[in-house]
Amino acid sequence: MRNNLLLLLVAVALATFAVACTKAMASKESSVQVHWQAENLPVDSTGVNYYLQTITVTGDLADVERLCFNQFNRPMEMLNPADTLIELVPNYHCIASPRFKEAAKGDTLVFEIKTRGFINAINYSPDSFHVVRSDGSTEATAYTRFDISADPRFYAREGSDLMPYGDSIYAINERIMAEVEQSPYNVVPSFKKVTLTGGESTVNMAKIKFEQPKGAIADGEYTITVADNAMTVTAPRRQWAQLKKRLTYLYGDKEISLPNAVINDRPTYPYRGLMIDIARNFQTPEQMRRVIDLMAIYGLNTLHFHPVDDEAWRVEIPALPELTTVGARHGYGFESGEYLPQFYAGDGNPNTVGGTANGYMTRAEYIDMIRYADSLGITVIPEIESPGHARAAIYAMKHRAAKTGDRSLLLTEEGDTSVYSTPQAFHDNIMNPALEGPYKFMDIVADAFIDMHREAGVPLEAIHIGGDEVPHSAWSGSPAIAALSQKEGLDGNKEIHAYFVKRLADSFAKKGVKLSGWQEIALRHSNDYNKAVAPRVYSVNCWNTLPVKGQNIVANDLAAAGYPIVLSNVEHFYLDMVYSHNPDERGLNWGGSTDEFKALNGYPAVLCTAPGANIIGISGQVFAETIRNRGNQEMMLLPKMLGLAERAWNPEPTYTDAAFHEVILGQIPKWERDGLTYHVRQPGIKLVDDGAAFVVNSPYPDAVIRYTTDGSKPTEQSPVVKPGEKIPTGDATHIRATLWLNNHPSATTLLLR
């Protein structure tokens, strides 16, 4: 196999494969440095894809026992027989080797890992390296990554190259930068009806007049009148705070000249949602306020709050302190059961603060959050994942039982020999519906959320139970399930799952709370089940709303069964997907790519074709596997959430892509003012003069574009090229360009000759 040194020599010789240094978090200056690179290998004789990962380690290695890192789970094999790769849990691995003890201070070790599959994005590289020393202490390393986007052999396999190259981006930029008619009333979400009445008014936005409507109006309806140098908003009092925040964000809080007009507006859907995951990587209460502000500004009214999953439990439940003392702390050496392994990031220390591995929201902080959301007209629906995605709760309750001797809240059965694997490669994350522990547990947690909402003075409309991704064999080896199935006449996994959901729906109903869930709680169950459960369901998120071969559209089936549908389609509304398949874009790509235009063009009439379907709204999802800080989360939201907001408010076509992009350009200065991070689109590159020169274009009128022709990634020291300026190509085979907008860099565009 080619080793690290040879690969670097080849890269230098070709002058095309520069190293991009991406520094990992470290709480102090590291004494160990790690460098990672990868190359896709030729398909083997059996037709299987592999890639070679090379990890180069230097520094103070003499008392290192293990080198640990987080990486999305794939089958891996160390090529040096002296080295051992240990999977602690899915996504958390350690390299053990006698070569550590043999190394002197400053030595270099090279580890090669043959990995099944192929790598096509930097998100699938390792993250958060740390070493474990002989005394058991952990230390974060310095960390750099190879420039994966430099050449197709690092991000593509034979017959599969998803990179958006320069010429395709050039065409996209031309389309979205087409000239459009501008108006101060082109906003997101767009107004239903704007009637210009002639003339203009100079409006002091700090003195908006609010008044109650004189008669009955539809839910969410309001009227704006601009006339006589004033703006008057007619709306129910409960909408005033949100409308004031929205209008002052759109037009500022000072004087502005606006055309005189009467604006009639209302949302089409009552549920305009955003799901925020803080379980996998923690976000602070302060950051959640920023998200809630954005929701209010762009007309979203339902926060689907996801603080619980396999990887962590992030909200304090005083009756069960182990949920956060165990479930909100992550590190190395977790065999004690006092905390969980780190799944996506961290330094191996369960007490480190300030990152995304550790932390939770206190009871008081949750109460403050829901009060703030309610003041802006936003409903919060908390999610308690069950029966699947429950690993954090399962292990916290095991720790509780070991500590207290009370086994009544155990969520799994001793002696259960079931063998299963979830899509996230977990084998131990499913509650057992035949035990009483899960129902007692869910009662305690539900009561805690009900109490918090009661204290806040904010209604709890529903509790989302998740209910998704339970493998078919999850309970196949459970004696308790076998006994329950015989007693209740349950036939297989689906009916056992239905039994669990129905019991929770009944329990919540007695508490005066409805139940929400993902599509699995409602999809293709019996008529008797639907009649009993559907009336107690607040919402069902349909994540797969496109046709499956041989089956109906999922949302159509749910509509026929009588469930209230929230379209949450992966291809359009999973905001955690990559903006594009450029290897440097942050996000997941299992569901394709989603940018602001994909979200804008997620039309309900396409996603659900059932006549009179019970669609109550649209929701966007931000799962947090690839989020490592506040900026990462905001970049997933902006500008994607504007496309979501437009479709959730107006399901029919409104803006063209070019007109929508023009609206986004008007929002960017506001995001800059508020210190928000946002995604920047790439420059296009096109060959001209029969390939003797190239030109670039930009999706922004005031961006700076820098280029290289030697294969290296452009930096802020690289030469500037203006849109339309011809640059000779010479002998260059790799032309690259990066765009900077207000110091925010784009992914680098590549054009191959």
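Along the sequence shown, the residues carry numbers beginning at 1. Everything numeric here is computed off the predicted structure, so don't read it as measured data.
- Here E436 pairs with R503 in a salt bridge; the nearest charged N to carboxylate O distance falls below 4.0 Å.
- Remark: S418 pairs with D416 by the side-chain hydrogen bond (donor to acceptor under 3.5 Å, both in side chains) rule, at least two apart or across chains.
- Residues passing the ring pair (Phe, Tyr, Trp, His ring centres under 6.0 Å) test with F500 are Y439, sequence neighbours excluded.
- E414 and R407 are joined by a salt bridge, as a carboxylate oxygen and a charged side-chain nitrogen come within less than 4.0 angstrom of each other.
- With sequence neighbours left out, A390 forms a side chain to side chain contact (heavy atoms under 4.5 Å, CB included) with I394, M431.
- Relative ring orientation between H330 and F343 is described as perpendicular, the plane-to-plane angle rising above 60° on a 0-90° scale split at 30° and 60°.
- Using bins of under 30°, 30° to 60° and over 60° for the plane-to-plane angle, the ring pair F441/W313 lands in the perpendicular bin.
- Taking E495 as the reference, nothing meets the salt bridge (Lys or Arg N to Asp or Glu O under 4.0 Å) condition, with sequence neighbours excluded.
- Pairs of residues two or more places apart, or lying in two chains, never qualify as ring pair (Phe, Tyr, Trp, His ring centres under 6.0 Å) while including a residue from residues 475-499.
- Considering only residues two or more places apart in sequence or on other chains, E634 meets the salt bridge (Lys or Arg N to Asp or Glu O under 4.0 Å) condition with R290, R630.
- Listed by chain and number, the residues in a ring pair (Phe, Tyr, Trp, His ring centres under 6.0 Å) with F449 are Y366 (sequence neighbours excluded).
- Within the structure, the side-chain hydrogen bond (donor to acceptor under 3.5 Å, both in side chains) test picks out the following pairs touching residues 314-323 (sequence neighbours left out): E322-K403.
- Among residues two or more places apart in sequence or in another chain, the ring pair (Phe, Tyr, Trp, His ring centres under 6.0 Å) test is passed with H399 by none.
- Here N429 pairs with D310 under the side-chain hydrogen bond (donor to acceptor under 3.5 Å, both in side chains) rule; sequence neighbours left out.
- Ring geometry for F69 versus F129: interplanar angle of 30 to 60°, hence tilted.
- For the residue pair H304 and E383, a side-chain donor N or O sits within less than 3.5 Å of a side-chain acceptor on the partner.
- Every pair passing salt bridge (charged side-chain N to carboxylate O under 4.0 Å, His left out) that includes a residue from residues 453-475 is listed here, sequence neighbours excluded: R363-E455, D451-R454.
- Comment: D277 engages R280 in a salt bridge, judged by a side-chain N to carboxylate O separation of less than 4.0 angstrom.
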Could you tabulate the donor-acceptor pairs under 3.5 Å formed by side-chain atoms of residues 504-512, not counting sequence neighbours?
unit_1 : atom_1 : unit_2 : atom_2 : d
D506   : OD1    : R536   : NH1    : 2.1
D506   : OD2    : K502   : NZ     : 3.1
S507   : OG     : D443   : OD1    : 2.8
K511   : NZ     : D443   : OD1    : 3.3
K511   : NZ     : D447   : OD1    : 2.8

